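Some notes on the structure that comes next.
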Amino acid sequence: MSSIQAIRGTRDILPDEVGYWQQIEAIARKIFATAVYQEIRTPIFEQTALFERGMGEATDVVSKEMYTFTDRGDRAITLRPEGTAGVVRSFVEHGMQAQGGVQRLWYLGSMFRYERPQAGRQRQFHQLGVEVLGSADFRADAEAIALATTILQALGLKNLRIELNSIGNGDDRQKYRAALVNYLTPHQADLDSDSQDRLTRNPLRILDSKNSGTQKILKDAPSILDYLSPDSQQRFDRLQQLLGDLGIVCNINDRLVRGLDYYTHTVFEIQSDDLGSQATVCAGGRYDGLVAELGGPDTPGIGWAMGLERLVILLQQIQPAHPDPVDFYIVSKGEKAETQALVLAQILRRSGFRTELDLSGSAFGKQFKRGDRSGAIACLVLGDAESESQTAQLKWLKSGEQSTIEQANLPSMIEDLRTQISRLRNDG
RNA sequence: GCGAGCGUAGCCAAGUGGUUAAGGCAGUGGUUUGUGGUACCACCAUCCGUGGGUUCGAGUCCCAUCGUUCGCCCCA
């Protein structure tokens, strides 16, 4: 086959799927509006250095998963692998801290990572996310998490787990890291090879290894929660308290660490058992050092991102696809009738009816067959006789009832038609 | 980047070395030349992802390649 195909790890979202996407977008938009979060749209590619500094050069995403290239001006460019770095860059570049108060932002868009495609994982994928900049208050964490759960709930998703942890401040982590290395070093030989590797490079990441041998060793490992400073501890306690007050049930998971370097204190993931290996549908955390790291004023922040492909998979499991219903299907034959048919279609469409016009010019029988399959409630029929007399046949497909109407009278019938259509639609 | 499975029409799918590649859905035409949902009939892959090889002979075996699926790594 020599025809051109979509690039590996990319896919078309076809009409029978796009409704799920529109549903997610509409619900998210509405909920963000009520929480007074503002949308921000940043470029899809940025300087490579932004992501290297933001996420950390040693992270897997930066070291092996970025779509990086040199443009014609010899600039090092990377297609964004996540949303936070770009939003923070924009925040700094436009001096948004000068606007005072807290910036609550949300975004939606394509992200790119060069990974092996898998269920719920594409090379081009889509994330919906929020960033709250300028508040170190634990209530900002709670608000952001609550927003995520509100969206997921509004989508009708159930059976989701919220995993919550605190990884403390930098000092806390230093101490814990030492303790963890101290504990693991005697077991080094029994760890899986990836984890042995991480022992020196990034020991915290060993905690979420899926290797069962490694997990067994980790059972008695020290917990980050025992290494939190009093301040960090109090912060985490109050967050849990507040989430409880909001009715948000969390599972405290002291093994939860996140892949990107910028997180501090709060980290969380929302997971589902219905996604196969890629269980995380939403993840995020606090990043109090990131803005400064990227050259901005010292500004605390918290954010999360949801994977839209994964949300769509979950939605497809709980609700059937429903194609947009057709109200009127217009059947016509003969030159004069066919042009009149389009005029009538316009009248109906301007009144808000979903109106499909058969353009085939084939036999009436065939056109009716298609009309029937379209799920239309009624047909408007125009042939030579009707076009001569400036009339049309109005046929209700369910009952088969048919009557003659004057074309000129259609506008005055609109309200009547509207009630009929909605009644028949609700009857099913 | 690593491991395993799969790749037959728009979709689902039979076929496991031997003449013309089942079937179903969808589509098109007809029975019904101006009226649908049922039924019946006809048409709809010179070809089995691509390239090479083995063989008298391959969709069927082998190799490579591309794609895809599942898992690992990692992540949303």
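Please read these numbers as outputs of a predicted model, since none were measured by experiment. In what follows, every chain begins at residue 1, and chains take the letters A, B, ... in the order their sequences are listed.
The list of ring pair (Phe, Tyr, Trp, His ring centres under 6.0 Å) pairs with a residue in residues 117-166 of chain A, not counting sequence neighbours, reads W21(A)-H126(A). Evaluation of the ring pair (Phe, Tyr, Trp, His ring centres under 6.0 Å) test over residues 178-215 of chain A, restricted to residues two or more places apart or in two chains, returns Y183(A)-H187(A). Pairs passing the salt bridge (Lys or Arg N to Asp or Glu O under 4.0 Å) check and including a residue from residues 382-396 of chain A, sequence neighbours excluded, read K336(A)-E388(A).
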Tell me which donor-acceptor pairs under 3.5 Å the side chains of residues 86-93 of chain A have, and how far apart each pair is, sequence neighbours excluded?
| residue | atom | partner | partner atom | Å |
| --- | --- | --- | --- | --- |
| R89(A) | NE | E93(A) | OE1 | 2.9 |
| R89(A) | NH1 | E46(A) | OE1 | 3.0 |
| R89(A) | NH1 | E46(A) | OE2 | 2.6 |
| R89(A) | NH2 | E93(A) | OE1 | 3.3 |
| S90(A) | OG | H94(A) | ND1 | 3.4 |

Would you give me the side-chain donor-acceptor pairs under 3.5 Å for residues 369-382 of chain A, sequence neighbours excluded?
| residue | atom | partner | partner atom | Å |
| --- | --- | --- | --- | --- |
| R370(A) | NE | D358(A) | OD2 | 3.1 |
| R370(A) | NH2 | S360(A) | OG | 2.6 |
| R370(A) | NH2 | S362(A) | OG | 2.6 |
| S374(A) | OG | G371(A) | O | 2.6 |
| S374(A) | OG | A376(A) | N | 3.2 |

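Using P as the reference atom, C70(B) and C12(B) are 15 Å apart when rounded to the nearest Å. With P as the reference atom, U54(B) and C73(B) are 43 Å apart, rounded to whole Å. Taking atom P on both G15(B) and C6(B), the two are 14 Å apart, rounded to the nearest angstrom. Separation of the P atoms belonging to U55(B) and U65(B) is 23 Å when rounded to the nearest angstrom. Nucleotides C66(B) and A45(B), compared at atom P, are 31 Å apart to the nearest Å. Atom name C1', nucleotides U46(B) and G3(B): the rounded distance is 39 Å, in whole Å. Taking atom P on both G37(B) and A58(B), the two are 47 Å apart, rounded to the nearest angstrom. Distance check on atom C1': A64(B) versus G23(B) gives 34 Å, rounded to whole Å.
Partners of R11(A) under the salt bridge (charged side-chain N to carboxylate O under 4.0 Å, His left out) rule, at least two apart in sequence or in another chain, are E17(A). Under the rule for a ring-ring contact (aromatic ring centres under 6.0 Å, His included), F368(A) has no partner lying at least two apart in sequence or in another chain. Residues meeting the ring-ring contact (aromatic ring centres under 6.0 Å, His included) test with F112(A), sequence neighbours left out: none. Scored by the salt bridge (charged side-chain N to carboxylate O under 4.0 Å, His left out) test, D327(A) finds R425(A) as partners (sequence neighbours excluded).
Rounded to an integer number of Å, the gap from CZ of R205(A) to P of C72(B) is 14 Å. In this structure, L14(A) places its CG atom 16 Å from C1' of A26(B), rounding to the nearest Å. If you measure from atom CD of E115(A) to atom C1' of C72(B), you get 12 Å, rounded to the nearest angstrom. The CG atom of D197(A) sits 14 Å away from the C1' atom of C2(B) (whole-angstrom rounding). In this structure, the CG atom of L191(A) is 17 Å from the C1' atom of C72(B), given to the nearest Å. Following rounding to the nearest Å, W21(A) (CH2) and A76(B) (P) show an atom-to-atom distance of 16 Å. Atom-to-atom, CZ of R123(A) to C1' of A76(B) comes out at 17 Å; the value is rounded to the nearest Å. Rounded to an integer number of Å, the gap from E131(A) CD to A76(B) P is 12 Å.
At the heavy-atom level, R121(A) lies under 4.0 Å from base atoms of the strands shown. G400(A) comes within contact range of at least one nucleobase, with a heavy-atom separation under 4.0 Å.
Across every strand in view, G36(B) sits unpaired, with no contact that passes the Watson-Crick or G-U test at under 3.5 angstrom. Base-pair partner of G1(B): C72(B) (Watson-Crick or G-U wobble, both distances under 3.5 Å). Nucleotide G7(B): paired with C66(B) (Watson-Crick or G-U wobble, both distances less than 3.5 Å). G59(B): no Watson-Crick or G-U partner with both key distances under 3.5 Å is found in any strand. Nucleotide A42(B) is matched to U28(B) when pairs are restricted to Watson-Crick or G-U wobble geometry with both distances under 3.5 angstrom.
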Distances for protein N/O vs nucleotides 67-71 of chain B N/O pairs under 3.5 angstrom?
| residue | atom | partner | partner atom | Å |
| --- | --- | --- | --- | --- |
| U68(B) | OP2 | R8(A) | NE | 3.0 |
| C70(B) | OP2 | A119(A) | N | 2.7 |
| G71(B) | OP1 | S277(A) | N | 2.9 |
| G71(B) | OP2 | Q118(A) | NE2 | 3.4 |

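Between W106(A) and F32(A), the angle of the ring planes stays under 30°, which puts this pair in the parallel group of the 30/60° scheme.
For the residue pair Y287(A) and E131(A), a side-chain donor N or O sits within less than 3.5 Å of a side-chain acceptor on the partner. Between S412(A) and N409(A), the side chains place no donor N or O within less than 3.5 Å of an acceptor N or O (distance only, hydrogens not considered). In this model, no donor atom of one side chain and acceptor atom of the other lie less than 3.5 Å apart for E309(A) and Q122(A). Using a 3.5 Å distance cut-off with no hydrogens or angles, the side chains of Q124(A) and S110(A) do pair a donor with an acceptor.
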Next item on the list: Summarise protein proximity over nucleotides 27-35 of chain B in one line of letters, 5' to 3': B for base, S for sugar-phosphate only, - for none, counting protein heavy atoms closer than 4.0 Å.
Entry: SSSB---BB
Check: In B/S/- notation, 5' to 3', how is nucleotides 5-10 of chain B contacted by protein heavy atoms closer than 4.0 Å?
Finding: ------
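Residue Y114(A) is the one, among A279(A) and Y114(A), whose nearest nucleotide of RNA chain B lies closer to the 5' end (criterion: closest heavy atom). The residue among D192(A) and A305(A) whose nearest nucleotide of RNA chain B lies closer to the 5′ end is D192(A).
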